[in-house]
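Single-structure report; data block below.
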There are 2 protein chains.
Amino acid sequence: MTQDGRRLRGLRSREAILERAVALASVEGLDGLSLGRLAAATGTSKSGFFAHWRDKEQLQLDALDWATRQWADQVVAPAMAAPAGVRRLFALHEARLRFYGDGVLPGGCFFFTVQAEFDDRPGLVRDRVARALREWQEFIRRQVAQAVAQGELAESVDAAQLAYEIDALGEMVVVHSRLHDGPVALVHARRAVLQRLRALCPDPTLLPED
Amino acid sequence: MTQDGRRLRGLRSREAILERAVALASVEGLDGLSLGRLAAATGTSKSGFFAHWRDKEQLQLDALDWATRQWADQVVAPAMAAPAGVRRLFALHEARLRFYGDGVLPGGCFFFTVQAEFDDRPGLVRDRVARALREWQEFIRRQVAQAVAQGELAESVDAAQLAYEIDALGEMVVVHSRLHDGPVALVHARRAVLQRLRALCPDPTLLPED
DNA sequence: CAGGTATACAACCGATCGGTCGTTAATATA
DNA sequence: TATATTAACGACCGATCGGTTGTATACCTG
């Protein structure tokens with residue numbers, strides 16, 4: 001029951017469609033994205049989608065999974081190269097800013113767009129978006145807790161509190177850089193987290209000065 | 001050429017429609033909001049809109065103005081009651097969090113939704129959204145600069161940098177409280193700015209301890 | 001009271017939406 | 001080789017989209 005030629009081709013086009021869907025959804029949202037435009041952008045027919053997905057919602061859920069894997073590959077994985085503790089925490093922040101600054105997605109951040117789109121309406125997609133945010137927040141919180149355990153952050157640090165600050169300061173770069181500040185927003189976001197971590201770190205030499 | 005009875009009625013329904021439009025747009029966005037649903041929500045006919053607005057874009061622009069006035073009345077004005085300086089700066093942050101926490105708009109924040117919606121597409125609406133964000137950011141920056149001038153914040157403070165931090169920490173409450181944290185997000189956002197200001201303030205007794 | 005103006009409406013328009021149906025061609029399995 | 005299975009398609013469906021047109025009614029001005 002291994003992958004034969006035909007299913008392989010199917011998988012390939014499936015992945016190609018999901019990649020385009022995530023890119024387009026980072027601009028117009030998962031619901032704002034229409035199947036007709038997605039078909040035009042991928043050079044396929046609209047009706048062909050329903051061989052891969054039962055309906056639009058299933059495609060949205062798979063696009064969410066695809067974006068999660070992209071985030072794991074391009075943001076989380078590079079940061080894990082840094083030594084555990086406060087350096088990995090800051091590497092995570094910098095990897096995210098690099099992801100935005102490099103313009104990997106045309107809309108800047110898939111998750112930002114989708115969170116803003118679904119935070120108010122019920123449904124399967126909303127639940128998966130909420131889970132993705134929860135897991136991301138929990139992941140940052142664990143990195144903070146680890147840094148505290150290693151003695152690289154003050155004992156008094158509230159991990160969930162600091163995780164919120166790091167995420168908020170990183171996330172708002174998307175809209176500020178596009179509507180207002182340009183690259184300056186990246187500088188602000190980087191410096192905000194860097195100085196916050198340095199202030200809480202008994203050995204600030206672990207982090208760059210500026 | 002003063003307001004006569006008829007024009008007054010027109011103005012009243014115009015304001016009522018804009019209020020509903022802002023409330024609905026805080027959930028579905030300015031473009032996601034359809035004229036048909038807005039008509040149903042206001043108990044009027046869709047075609048009646050075109051007596052007040054040339055097209056949907058004009059209605060969107062007026063809704064933006066309406067939301068700006070609402071923000072000025074319900075967030076900025078109350079904060080101006082606090083004495084200028086670091087106390088007014090924090091009052092501004094608290095007024096915003098109260099606006100979110102009280103659920104004044106069903107979607108939490110009109111501007112958050114609309115920024116996420118329009119940060120990627122060109123047009124008149126996008127330009128006005130960008131201007132609103134720029135003016136808001138500039139307003140916070142002036143409050144920071146004033147606090148520095150009064151000696152209530154350290155001389156070394158970069159006003160634009162601190163303004164970005166205050167705005168980002170306040171804005172991300174919307175999505176975090178709705179998708180993840182609930183009211184805890186409000187606590188995180190409040191404490192983050194409070195502790196940041198206290199750390200920069202030569203006389204921390206101007207601000208609450210926690 | 002006459003005439004113009006503004007509010008608001010129902011009916012309707014072409015375009016697009018998500019989705020269905022029936023078919024074709026290529027592949028995998030027996 | 002015979003038979004399912006699968007990817008992919010064009011044509012089409014009812015619903016909804018933003019927007020137009022024509023009309024009825026209420027109001028203000030002359």
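A, B, ... follow the sequence lines: proteins, then strands. Residue 1 opens every chain.
None of B:Val22, B:Val27, B:Leu38 except one satisfies the side-chain contact (heavy atoms from CB on, under 4.5 Å) rule with B:Leu33; the exception is B:Leu38.
Using a 4.5 Å heavy-atom threshold, the side chains of B:Phe49 and B:Gln58 count as separate.
Computed from coordinates, the A:Leu35 CG to C:dG18 P distance equals 4 Å when rounded to whole Å. Regarding B:Lys56, its NZ atom lies at a distance of 8 Å from the P atom of D:dG19, rounded to whole Å. Atom P of nucleotide C:dT20 and atom CZ of A:Phe50 are separated by 7 Å, given to the nearest angstrom. In this structure, B:Leu38 atom CG and C:dA8 atom P are separated by 13 Å, rounded to whole Å. Protein atom CH2 of A:Trp53 is 11 Å distant from nucleotide atom P of D:dA7, rounded to whole Å. Atom CD of B:Glu28 is separated from atom C1' of D:dT16 by 14 Å (rounded to the nearest Å). The CZ atom of A:Phe49 sits 15 Å away from the C1' atom of D:dG10 (whole-angstrom rounding). In this structure, CG of B:Leu59 is placed 13 Å from C1' of D:dG19, rounded to the nearest angstrom.
Contacts of A:Ser45 with the nucleic acid, taken as non-hydrogen atoms under 4.0 Å apart, include base atoms.
The shortest non-hydrogen separation linking B:Arg96 to B:Ile166 is NH1-O, 4.2 Å. Contact record, A:Ala67 with A:Phe110: CB-CD2, 3.3 Å, taken as the closest heavy-atom pair.
Between C:dA8, C:dC9, D:dG18, one nucleotide has an atom nearer to the side chain of B:His52 than all others, and that is C:dA8. For A:Ala51, taking side-chain heavy atoms from C-beta onward, the closest of the listed nucleotides C:dA8, D:dA7, C:dG18 is D:dA7. Nearest nucleotide to the A:Thr44 side chain, out of D:dC9, C:dG19, D:dG19: D:dC9.
Residue whose closest nucleotide on DNA chain C sits further toward the 5' end, between A:Gly32 and B:Ile17: B:Ile17. Nearest-nucleotide assignment on DNA chain D puts the 5′-proximal partner with A:Gly43, out of B:Leu33 and A:Gly43.
Note on A:Ser13: every side-chain N or O is 4.0 Å or more away from OP1 and OP2 of D:dA7. Residue B:Ser47 has no polar side-chain atom (N or O) positioned under 4.0 Å from OP1 or OP2 of D:dG19.
Of the N and O atoms on the side chains of B:His176 and A:Asp167, at least one donor lies less than 3.5 Å from an acceptor on the other residue.
For A:Lys46 against C:dG18, a side-chain N or O and a base N or O form a donor-acceptor pair under 3.5 Å.
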